[in-house]
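As C-alpha coordinates, the structure follows; a few thoughts come after it.
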Amino acid sequence: MSFTTTILPTLKRMTEVDIKQGLKIVLNKIEVACSERNPELQAIQPTLVAVSKTKPVNLIVAAYEEGQRHFGENYVQELEEKANNPIILEKCKDIRWHFIGHLQSNKVNKILCLPNIYIIETVDSQKLAATLDKNWAKFKISDSKLRIMIQVNTSGEEEKNGVPPAEVTNVVKFVLNDCSNLELDGLMTIGKFGYDAADGPNPDFVCLKKCRDELCQELGIDWKDVGLSMGMSDDFEHAIDLGSTNVRVGSSIFGFRAKKTEIV
Ligand SMILES: *Cc1c(COP(=O)(O)O)cnc(C)c1O
(Lines give C-alpha, C1' and ligand atoms only; values in the text may rest on other atoms or scores of the structure.)
Protein backbone atom coordinates (compact mmCIF):
# COMPACT_ATOMS: atom_id res chain seq x y z
CA MET A 1 0.00 0.00 0.00
CA SER A 2 1.34 3.41 -0.87
CA PHE A 3 0.95 6.18 1.66
CA THR A 4 1.78 8.88 -0.82
CA THR A 5 -1.53 8.58 -2.62
CA THR A 6 -3.86 9.26 0.25
CA ILE A 7 -7.33 10.25 -0.85
CA LEU A 8 -7.79 12.76 1.93
CA PRO A 9 -4.71 14.98 1.82
CA THR A 10 -5.53 16.52 5.19
CA LEU A 11 -5.48 13.16 6.96
CA LYS A 12 -1.83 12.54 7.75
CA ARG A 13 -0.96 8.85 7.73
CA MET A 14 1.97 7.52 9.72
CA THR A 15 4.93 6.65 7.54
CA GLU A 16 8.01 4.53 8.17
CA VAL A 17 9.96 7.73 8.84
CA ASP A 18 7.51 8.80 11.55
CA ILE A 19 7.79 5.37 13.17
CA LYS A 20 11.57 5.58 13.36
CA GLN A 21 11.28 9.02 14.89
CA GLY A 22 8.56 7.96 17.33
CA LEU A 23 10.55 4.94 18.43
CA LYS A 24 13.69 7.00 18.95
CA ILE A 25 11.84 9.54 21.10
CA VAL A 26 10.25 6.83 23.26
CA LEU A 27 13.58 4.99 23.72
CA ASN A 28 15.19 8.25 24.72
CA LYS A 29 12.51 9.01 27.28
CA ILE A 30 12.90 5.49 28.69
CA GLU A 31 16.62 6.03 29.07
CA VAL A 32 16.13 9.33 30.87
CA ALA A 33 13.43 7.86 33.13
CA CYS A 34 15.76 4.94 33.97
CA SER A 35 18.64 7.21 34.90
CA GLU A 36 16.43 9.15 37.31
CA ARG A 37 15.21 6.12 39.26
CA ASN A 38 15.96 5.19 42.79
CA PRO A 39 19.39 3.45 42.93
CA GLU A 40 18.00 -0.01 43.79
CA LEU A 41 16.17 -0.01 40.44
CA GLN A 42 19.20 1.04 38.39
CA ALA A 43 20.10 -2.52 37.38
CA ILE A 44 16.73 -3.12 35.72
CA GLN A 45 16.49 -2.38 32.01
CA PRO A 46 12.80 -2.12 31.12
CA THR A 47 11.63 -3.87 27.97
CA LEU A 48 9.81 -1.70 25.45
CA VAL A 49 6.84 -3.51 23.95
CA ALA A 50 5.70 -1.69 20.81
CA VAL A 51 1.92 -2.08 20.75
CA SER A 52 1.03 -2.42 17.08
CA LYS A 53 -2.69 -3.21 17.29
CA THR A 54 -4.70 -1.87 14.34
CA LYS A 55 -1.43 -0.87 12.60
CA PRO A 56 -0.28 -2.28 9.25
CA VAL A 57 2.56 -4.72 8.66
CA ASN A 58 4.85 -2.20 6.94
CA LEU A 59 5.02 -0.10 10.10
CA ILE A 60 5.90 -3.16 12.20
CA VAL A 61 8.69 -4.00 9.75
CA ALA A 62 9.94 -0.39 9.93
CA ALA A 63 10.15 -0.56 13.72
CA TYR A 64 11.81 -3.99 13.55
CA GLU A 65 14.41 -2.67 11.15
CA GLU A 66 15.25 0.01 13.72
CA GLY A 67 16.07 -2.74 16.19
CA GLN A 68 12.72 -3.11 17.97
CA ARG A 69 12.02 -6.78 18.80
CA HIS A 70 9.08 -6.89 21.25
CA PHE A 71 5.63 -6.19 19.82
CA GLY A 72 2.24 -6.34 21.53
CA GLU A 73 -1.16 -7.22 20.11
CA ASN A 74 -4.44 -7.62 21.92
CA TYR A 75 -6.87 -9.15 19.46
CA VAL A 76 -6.50 -12.88 18.77
CA GLN A 77 -7.42 -12.72 15.11
CA GLU A 78 -5.19 -9.74 14.40
CA LEU A 79 -2.20 -11.41 16.04
CA GLU A 80 -2.89 -14.60 14.07
CA GLU A 81 -2.81 -12.64 10.83
CA LYS A 82 0.30 -10.65 11.67
CA ALA A 83 2.34 -13.50 13.17
CA ASN A 84 1.66 -15.60 10.05
CA ASN A 85 2.11 -12.77 7.57
CA PRO A 86 4.74 -13.81 4.98
CA ILE A 87 6.51 -10.43 5.04
CA ILE A 88 6.79 -10.53 8.84
CA LEU A 89 8.02 -14.13 8.69
CA GLU A 90 10.65 -13.20 6.16
CA LYS A 91 11.83 -9.84 7.47
CA CYS A 92 11.26 -10.16 11.22
CA LYS A 93 12.68 -13.56 12.07
CA ASP A 94 13.47 -12.66 15.67
CA ILE A 95 10.23 -10.83 16.46
CA ARG A 96 8.82 -11.47 19.93
CA TRP A 97 5.06 -11.28 20.18
CA HIS A 98 3.40 -10.31 23.44
CA PHE A 99 -0.27 -11.13 23.70
CA ILE A 100 -1.79 -8.37 25.83
CA GLY A 101 -5.54 -8.78 25.30
CA HIS A 102 -8.24 -10.78 26.98
CA LEU A 103 -7.81 -14.47 26.20
CA GLN A 104 -10.78 -16.81 26.35
CA SER A 105 -9.95 -20.43 27.19
CA ASN A 106 -11.43 -21.64 23.90
CA LYS A 107 -9.01 -19.46 21.91
CA VAL A 108 -5.85 -20.56 23.68
CA ASN A 109 -4.65 -22.88 20.91
CA LYS A 110 -5.00 -20.14 18.30
CA ILE A 111 -2.33 -18.20 20.19
CA LEU A 112 -0.08 -21.07 21.30
CA CYS A 113 0.46 -22.32 17.74
CA LEU A 114 1.71 -18.96 16.46
CA PRO A 115 5.26 -18.49 15.21
CA ASN A 116 7.34 -16.36 17.59
CA ILE A 117 4.78 -16.13 20.37
CA TYR A 118 6.93 -14.89 23.26
CA ILE A 119 4.64 -14.26 26.21
CA ILE A 120 1.00 -14.10 27.31
CA GLU A 121 0.83 -11.06 29.59
CA THR A 122 -2.85 -11.34 30.38
CA VAL A 123 -3.40 -14.51 32.38
CA ASP A 124 -6.34 -13.39 34.48
CA SER A 125 -7.44 -16.57 36.26
CA GLN A 126 -6.12 -19.82 37.67
CA LYS A 127 -8.31 -21.62 35.15
CA LEU A 128 -6.65 -19.89 32.21
CA ALA A 129 -3.21 -20.71 33.64
CA ALA A 130 -4.22 -24.37 33.91
CA THR A 131 -5.50 -24.41 30.31
CA LEU A 132 -2.31 -22.79 29.00
CA ASP A 133 -0.17 -25.23 30.96
CA LYS A 134 -2.03 -28.25 29.63
CA ASN A 135 -2.14 -27.05 26.03
CA TRP A 136 1.46 -25.82 25.80
CA ALA A 137 2.51 -29.49 25.98
CA LYS A 138 1.17 -29.85 22.42
CA PHE A 139 3.06 -26.88 21.00
CA LYS A 140 6.31 -26.57 22.91
CA ILE A 141 9.60 -27.18 21.17
CA SER A 142 11.78 -29.51 23.24
CA ASP A 143 11.41 -28.39 26.85
CA SER A 144 10.67 -24.71 26.28
CA LYS A 145 8.31 -23.16 28.78
CA LEU A 146 5.59 -20.68 27.96
CA ARG A 147 6.24 -17.28 29.53
CA ILE A 148 3.25 -15.72 31.21
CA MET A 149 2.33 -12.80 33.40
CA ILE A 150 -0.56 -12.66 35.82
CA GLN A 151 -2.87 -9.76 35.03
CA VAL A 152 -4.04 -8.02 38.19
CA ASN A 153 -7.18 -5.90 38.42
CA THR A 154 -5.48 -3.19 40.47
CA SER A 155 -8.21 -0.61 39.97
CA GLY A 156 -11.02 -2.91 41.07
CA GLU A 157 -13.14 -1.74 38.14
CA GLU A 158 -15.77 -4.35 37.40
CA GLU A 159 -15.31 -4.18 33.64
CA LYS A 160 -11.55 -4.77 33.86
CA ASN A 161 -10.11 -8.25 33.70
CA GLY A 162 -7.53 -9.50 36.12
CA VAL A 163 -7.02 -11.37 39.36
CA PRO A 164 -8.06 -9.35 42.43
CA PRO A 165 -4.95 -8.19 44.36
CA ALA A 166 -5.83 -10.34 47.39
CA GLU A 167 -5.73 -13.51 45.27
CA VAL A 168 -2.49 -12.88 43.39
CA THR A 169 -0.23 -14.85 45.73
CA ASN A 170 -2.47 -17.93 45.49
CA VAL A 171 -2.60 -17.86 41.70
CA VAL A 172 1.18 -17.42 41.55
CA LYS A 173 1.63 -20.33 43.97
CA PHE A 174 -0.54 -22.46 41.68
CA VAL A 175 1.53 -21.51 38.63
CA LEU A 176 4.82 -22.24 40.39
CA ASN A 177 3.71 -25.53 41.93
CA ASP A 178 1.28 -27.00 39.41
CA CYS A 179 2.12 -25.60 35.98
CA SER A 180 5.39 -27.19 34.91
CA ASN A 181 5.01 -25.90 31.33
CA LEU A 182 4.73 -22.27 32.40
CA GLU A 183 7.38 -19.77 33.37
CA LEU A 184 6.19 -16.87 35.49
CA ASP A 185 7.63 -13.63 34.19
CA GLY A 186 5.78 -11.23 36.42
CA LEU A 187 2.59 -9.27 37.06
CA MET A 188 0.76 -6.97 34.68
CA THR A 189 -1.84 -4.24 35.07
CA ILE A 190 -3.74 -1.93 32.76
CA GLY A 191 -5.15 0.32 35.47
CA LYS A 192 -7.50 3.24 35.35
CA PHE A 193 -7.39 5.49 32.33
CA GLY A 194 -6.67 9.18 32.64
CA TYR A 195 -4.83 9.28 35.97
CA ASP A 196 -2.85 12.49 36.40
CA ALA A 197 0.63 11.83 37.81
CA ALA A 198 0.57 15.36 39.21
CA ASP A 199 -1.69 13.86 41.90
CA GLY A 200 1.14 11.61 43.13
CA PRO A 201 2.21 8.03 42.46
CA ASN A 202 -0.34 6.19 40.31
CA PRO A 203 -2.31 3.93 42.72
CA ASP A 204 -2.48 1.13 40.12
CA PHE A 205 1.31 1.00 39.82
CA VAL A 206 1.73 1.20 43.57
CA CYS A 207 -0.78 -1.63 43.99
CA LEU A 208 0.97 -3.88 41.45
CA LYS A 209 4.31 -3.37 43.14
CA LYS A 210 2.73 -4.13 46.51
CA CYS A 211 1.27 -7.38 45.13
CA ARG A 212 4.75 -8.28 43.89
CA ASP A 213 6.42 -7.49 47.21
CA GLU A 214 3.82 -9.45 49.17
CA LEU A 215 4.02 -12.55 47.02
CA CYS A 216 7.81 -12.46 47.08
CA GLN A 217 7.83 -12.25 50.84
CA GLU A 218 5.24 -14.99 51.27
CA LEU A 219 6.77 -17.38 48.77
CA GLY A 220 10.42 -16.54 49.46
CA ILE A 221 11.19 -15.21 45.98
CA ASP A 222 13.68 -12.46 45.09
CA TRP A 223 11.67 -9.42 43.93
CA LYS A 224 14.10 -8.94 41.05
CA ASP A 225 12.81 -12.22 39.58
CA VAL A 226 9.23 -10.96 39.27
CA GLY A 227 8.69 -8.34 36.57
CA LEU A 228 6.10 -5.57 36.51
CA SER A 229 4.35 -4.81 33.22
CA MET A 230 2.87 -1.35 33.66
CA GLY A 231 2.87 1.94 31.81
CA MET A 232 1.51 2.96 28.39
CA SER A 233 2.01 5.99 26.13
CA ASP A 234 0.71 8.52 28.65
CA ASP A 235 2.51 7.24 31.71
CA PHE A 236 5.42 4.93 30.88
CA GLU A 237 8.01 7.28 32.38
CA HIS A 238 6.05 7.49 35.61
CA ALA A 239 5.69 3.68 35.60
CA ILE A 240 9.45 3.24 35.14
CA ASP A 241 10.01 5.58 38.04
CA LEU A 242 7.84 3.26 40.16
CA GLY A 243 9.68 0.10 39.07
CA SER A 244 8.15 -1.01 35.77
CA THR A 245 10.22 -3.62 33.94
CA ASN A 246 8.01 -3.79 30.85
CA VAL A 247 6.24 -0.81 29.26
CA ARG A 248 3.61 -1.26 26.55
CA VAL A 249 3.62 1.75 24.26
CA GLY A 250 1.37 2.10 21.22
CA SER A 251 0.26 5.53 20.06
CA SER A 252 3.50 7.33 20.99
CA ILE A 253 5.27 5.12 18.46
CA PHE A 254 2.65 4.31 15.85
CA GLY A 255 0.37 7.35 16.08
CA PHE A 256 -3.27 7.64 17.01
CA ARG A 257 -5.59 4.67 16.63
CA ALA A 258 -9.23 4.68 15.78
CA LYS A 259 -10.79 3.87 19.15
CA LYS A 260 -12.16 0.37 19.56
CA THR A 261 -14.85 0.08 22.16
CA GLU A 262 -13.74 -3.31 23.44
CA ILE A 263 -12.51 -3.18 27.03
CA VAL A 264 -9.38 -5.15 27.76
C1 LIG B 1 -3.49 -0.52 23.51
C2 LIG B 1 -2.78 -1.01 24.70
C3 LIG B 1 -1.58 -0.42 25.13
C4 LIG B 1 -0.94 0.78 24.44
O5 LIG B 1 -1.70 1.92 24.61
P6 LIG B 1 -1.14 3.38 24.14
O7 LIG B 1 -1.88 4.31 25.00
O8 LIG B 1 -1.45 3.50 22.71
O9 LIG B 1 0.32 3.39 24.39
C10 LIG B 1 -0.95 -0.97 26.23
N11 LIG B 1 -1.47 -2.03 26.89
C12 LIG B 1 -2.61 -2.61 26.51
C13 LIG B 1 -3.11 -3.77 27.29
C14 LIG B 1 -3.31 -2.12 25.42
O15 LIG B 1 -4.45 -2.70 25.06
Side-chain angles (χ1 to χ4, degrees), residues 22-51 67-72 96 98 100 118-119 121-123 147-157 160 162-169 171-173 175-176 183-253:
L23 191 59
K24 218 180 201 170
I25 292 169
V26 169
L27 285 169
N28 243 318
K29 287 182 173 174
I30 289 176
E31 202 180 308
V32 171
C34 283
S35 68
E36 291 172 348
R37 283 173 308 181
N38 158 344
E40 70 166 4
L41 297 174
Q42 292 293 343
I44 297 163
Q45 180 53 46
T47 301
L48 170 62
V49 181
V51 179
Q68 180 62 28
R69 290 295 175 267
H70 294 262
F71 290 82
R96 295 167 177 205
H98 291 228
I100 59 171
Y118 181 77
I119 188 170
E121 292 200 19
T122 39
V123 177
R147 286 182 202 82
I148 63 151
M149 288 190 180
I150 303 297
Q151 182 178 0
V152 184
N153 185 357
T154 53
S155 57
E157 292 164 284
K160 286 259 162 68
V163 174
E167 290 167 30
V168 171
T169 299
V171 175
V172 166
K173 207 189 282 176
V175 169
L176 297 178
E183 179 174 319
L184 181 77
D185 206 77
L187 307 179
M188 178 268 200
T189 185
I190 293 174
K192 238 186 196 135
F193 292 112
Y195 180 78
D196 184 353
D199 294 337
N202 184 318
D204 287 299
F205 301 162
V206 172
C207 177
L208 197 69
K209 180 176 177 295
K210 189 163 165 262
C211 288
R212 195 264 319 264
D213 292 344
E214 281 171 7
L215 84 88
C216 286
Q217 174 144 47
E218 212 165 307
L219 305 179
I221 304 171
D222 186 344
W223 66 268
K224 293 194 184 75
D225 293 334
V226 182
L228 297 175
S229 175
M230 56 192 200
M232 316 196 332
S233 285
D234 288 340
D235 52 17
F236 66 90
E237 294 154 281
H238 181 57
I240 287 171
D241 187 48
L242 294 176
S244 176
T245 64
N246 190 86
V247 292
R248 311 177 308 265
V249 180
S251 44
S252 288
I253 298 171

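Contact of the L48 side chain with the I253 side chain is registered, since non-hydrogen atoms from C-beta on lie closer than 4.5 Å. The shortest distance between side-chain heavy atoms of N153 and P164 does not fall below 4.5 Å. Residues I190 and Q151 have side chains in contact (heavy-atom distance under 4.5 Å, counting atoms from C-beta outward). The shortest distance between side-chain heavy atoms of E36 and D241 does not fall below 4.5 Å. Looking at T154 and P203, their side chains never come closer than 4.5 Å, going by heavy atoms from C-beta outward.
The two residues L187 and R212 make their nearest non-hydrogen contact at CD1-N, 3.6 Å. The two residues G243 and L228 make their nearest non-hydrogen contact at O-CD1, 3.7 Å. Taking all atoms of both residues into account, the shortest heavy-atom contact from V168 to V163 is N-CG1, 3.9 Å. Contact between S155 and D204 at its shortest, heavy atoms only, is N-OD1, 3.1 Å. S233 and G250 make their closest contact through OG-N, 3.6 Å (heavy atoms, listed as atom of the first residue, atom of the second, distance). Between S252 and V26 the shortest heavy-atom distance is CB-CG2, 3.8 Å.
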message: Determine whether M230 and L242 satisfy the following criterion, side chain to side chain contact (heavy atoms under 4.5 Å, CB included), listing intermediate values before the conclusion.
response: CA-CA 9 Å; M230 56 192 200; L242 294 176; 4.1 Å; yes
task: Applying side chain to side chain contact (heavy atoms under 4.5 Å, CB included), run through V49 and E121 and close with a yes or a no.
output: CA-CA 11 Å; V49 181; E121 292 200 19; 4.1 Å; yes
message: Assess the residue pair V172 and V226 against the criterion (side chain to side chain contact (heavy atoms under 4.5 Å, CB included)); give the C-alpha distance rounded to whole Å, side-chain angles, the decisive distance to 0.1 Å, and a yes or no.
response: CA-CA 11 Å; V172 166; V226 182; over 6 Å; no
field: H70 vs N246, side chain to side chain contact (heavy atoms under 4.5 Å, CB included): CA-CA, chis, key distance, verdict
entry: CA-CA 10 Å; H70 294 262; N246 190 86; 5.9 Å; no
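Only one option out of T169, V152, I150, T189 pairs with C211 in a side chain to side chain contact (heavy atoms under 4.5 Å, CB included); it is V152.
No donor-acceptor pair closer than 3.5 Å links the side chain of E237 to the backbone N or O of V32. For D185 (side chain) and R147 (main-chain N/O), no donor-acceptor pair under 3.5 Å exists by modelled atom type. Under a 3.5 Å cut-off, the side chain of R248 and the backbone N or O of V51 do not form any donor-acceptor pair. One N or O on the side chain of Q42 and one on the backbone of R37 form a donor-acceptor pair closer than 3.5 Å.
For the atom pair L184 CG and K173 NZ, the distance stands at 14.0 Å (nearest 0.5 Å). One distance of note links CG of D222 with CG of L219; it measures 13.0 Å at 0.5 Å rounding. Rounding to the nearest 0.5 Å places CD of Q45 at 8.0 Å from CD1 of I240. In this structure, OG on S244 lies 7.5 Å from CZ on F205, to the nearest 0.5 angstrom. Here the CZ-CD distance, from R96 to Q68, works out to 11.0 Å after rounding to the nearest 0.5 Å. Here the OG atom belonging to S251 is positioned 6.5 Å from the CG atom belonging to D234, to the nearest 0.5 angstrom.
A search for salt bridge (Lys or Arg N to Asp or Glu O under 4.0 Å) contacts involving K210 returns E214, not counting sequence neighbours.
Classification of the H238-Y195 ring pair by plane angle, with boundaries at 30° and 60°, yields parallel.
Under a cut-off of 6.0 angstrom, the local environment of CD in E157 is crowded, with over 12 non-hydrogen atoms contributed by other residues, nucleotides or ligands.
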